[in-house]
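Encoded as structure tokens, the structure appears first; notes follow it.
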Amino acid sequence: MTQLPESFLWGGALAAHQFEGGWNKGGKGPSVVDVLTAGAHGVPRRITDQVEADEFYPNHEAIDFYSNYKEDIALFAELGLKVLRTSIGWTRIFPKGDEAEPNEEGLRFYDKVFDELLKHGIKPVITLSHFEIPLHLAREYGGFRSRKVVDFFVRFAEVVFERYKDKVEYWMTFNEINNQMDVNNPLFLWTNAGIQVEEGEDARSVMYQSAHHQLLASARAVAAGRRINPDFKIGAMVSHVPVYPYSCHPKDIMAAEIANRERFFFPDVQVRGKYPAYALKELAQLGIVLPVEAGDEADLKAGTVDYLAFSYYMSTVVKHDAVHTASDSMINGGLKNGVDNPYLASSDWGWTIDPHGLRYVLSTLYNRYQLPLFIVENGFGAVDVVEADGIHDETRIDYFSKHIAAMKEAVLEDGVDLIGYTPWGIIDVVSFTTGEMKKRYGMIYVDRDNEGQGSMERMKKDSFYWYQNVIATNGQEI
Ligand code: BG6
């Protein structure tokens, strides 16, 4: 093979809460992101108890795809996307999460969106939960601390699998399920699990116990999906930020090996159907007992995934004798001995730019799991300047070009089985970690600022035309 296969799925990636808006329209209930205020680089987003009248919540309106979906999908079609990865807002379907019956108006919204996509020849690729746990489940049940939430998630999954079984083939259960391994950042346990750690609690123990419920929920959803449509392809989705050793000092090598377990823990269970040995040892050493009940182990085994999807933005480094000195602690953080990589530049938000790392990750994940892989997020968050003659985002084009080159090496030289590539935020959306609009990833610009001001007008950036040609040439011209 000298070229990517013709079936390669070029696309774009989004998540309901970051672009849909319409947070309380069509019967939708509030989710855990609807109580997240705006932050900035170095300024964390706050979690308010409920939706407060005097707070600004950037996700409430987002970029209002809810009202503009036809126009936006027409732009995606012009770009040439073969797939669009997005999520189904859980609270559009179950506004509180524990209802017996779904909200028909919410289901109809996704019928319309998927039909519009399919009309343009774009296949929807769907994440069941992209940080969109119903707020009611967080407040009344303690999120995934509660086993009942496993059943609510599976019911939600069954309803949407049944409803869209002829419209969607590729599914993922939980987005970036492994972010919560960084228990020091409250944003991640909140958005992954609907949990706020209380005083006196051990965060790591809370995280592992609720992780068991999420892993169970994921496995049971996979099994349900297979019953509903055996042709479904259902994957796990992780954020893969590889950890490099700082040097060839054997202790740095081992420090990296141990730190990488934070990345592998969730997919190890979702792909292999059982807890890995290193995790069992750690749990025993910390005295953490997982809430395992009869039948859980068999369910984990029966619900292993068909493919592994992942996001790749950056890499990080550990040095065995360092205390944490890495300049950024978002997503790549939480490593107690993390240090900066002297060979890599970073974005304005401190995320390293490491195209070679993508080939390394593809090779590592494929050899570890031997399952098809799907890059469902990759991209460059930056400030864009609107000039009189357009938006000239050369840095973004350069970022994508180098990452796609690395991806091709992994496929064509290393033999990795890769399903597709969906760059993040194909249209500008609200940033997850900061809630900002100015951290833009899109190839389509949206006139909206951090304070929610702007006309919402859409404009094509230079990267739009560049990516259009990448897709048209199946990645030959990058
Ligand atoms: C991933 C998430 O963490 O990275 C997305 O799945 C997110 O939801 C993306 O938007 C980029 O992060 P950020 O914070 O720059 O928006």
Side-chain angles (χ1 to χ4, degrees), residues 12-21 23 30-48 56-63 65 85-91 127-133 135 138 143 172 174-196 237-241 266 309-314 328-334 347-352 375-383 422-442 446 448-450 452:
L14 296 161
H17 73 276
Q18 287 172 272
F19 85 124
E20 281 182 5
W23 75 283
S31 77
V32 292
V33 280
D34 288 319
V35 294
L36 284 180
T37 64
H41 184 33
V43 182
R45 303 182 77 175
R46 280 178 298 111
I47 304 165
T48 62
F56 171 60
Y57 299 102
N59 297 79
H60 283 193
E61 253 196 299
I63 62 156
F65 172 82
R85 174 197 175 217
T86 185
S87 58
I88 291 180
W90 185 346
T91 58
T127 318
L128 290 172
S129 182
H130 194 128
F131 312 149
E132 289 138 356
I133 299 168
L135 182 62
M172 281 158 259
F174 293 98
N175 181 66
E176 291 190 342
I177 189 169
N178 58 323
N179 287 350
Q180 57 199 313
M181 292 300 281
D182 179 359
V183 294
N184 296 320
N185 186 334
L187 181 68
F188 297 138
L189 257 178
W190 180 243
T191 47
N192 277 140
I195 287 177
Q196 286 180 290
M237 194 294 189
V238 295
S239 158
H240 200 81
V241 180
F266 283 90
F310 67 97
S311 62
Y312 175 78
Y313 291 94
M314 62 191 145
D328 186 77
S329 67
M330 280 294 192
I331 295 193
N332 60 340
S347 77
D348 289 347
W349 278 263
W351 293 20
T352 55
I375 304 169
V376 294
E377 287 185 35
N378 172 234
F380 186 65
V383 173
T422 63
W424 173 251
I426 200 75
I427 182 168
D428 292 344
V429 297
V430 176
S431 156
F432 159 51
T433 51
T434 70
E436 293 167 299
M437 268 308 295
K438 77 169 188 186
K439 190 180 186 191
R440 296 174 183 275
Y441 286 85
V446 179
R448 182 173 165 86
D449 67 16
N450 285 353

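All values reported here derive from a predicted model rather than from experimental measurement.
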[X] vs [Y] side-chain heavy atoms within contact, under 4.5 Å:
| X | Y | answer |
| --- | --- | --- |
| S129 | T127 | no |
| I63 | I427 | yes |
| S31 | W90 | no |
| F174 | N192 | no |

Query raised in the report: Are E132 and T91 close enough that a side-chain donor and a side-chain acceptor fall under 3.5 Å?
Result: no

Query - R45: which of T37, T191, N59 passes side-chain hydrogen bond (donor to acceptor under 3.5 Å, both in side chains) - result: N59

Report summary line: Rounded to the nearest 0.5 Å, the CG atom of L189 sits from the CG atom of D182 at a distance of 9.0 Å

Query raised in the report: Going from CD on E176 to CZ on F266, what distance comes out if it is rounded to the nearest 0.5 angstrom?
Result: 12.0 Å

Report task. Let me see the working for E436 and W349 under side chain to side chain donor-acceptor pair (under 3.5 Å), right down to the final yes or no. Result -> CA-CA 11 Å; E436 293 167 299; W349 278 263; 2.9 Å; yes

Query raised in the report: Angle class for the H130/H17 ring planes (parallel below 30°, perpendicular above 60°, tilted otherwise)?
Result: tilted

Report summary line: salt bridge (Lys or Arg N to Asp or Glu O under 4.0 Å) filter on E61, not counting sequence neighbours, yields R448

Requested in this report: May I ask you to check whether F432 and F131 place their ring centres under 6.0 Å from each other?
Outcome: yes

Requested in this report: Given side chain to side chain donor-acceptor pair (under 3.5 Å), test Y313 with T352 step by step and report yes or no.
Outcome: CA-CA 8 Å; Y313 291 94; T352 55; over 6 Å; no

Query raised in the report: Would you say N450's side chain and M437's backbone share a donor-acceptor pair under 3.5 angstrom?
Result: yes

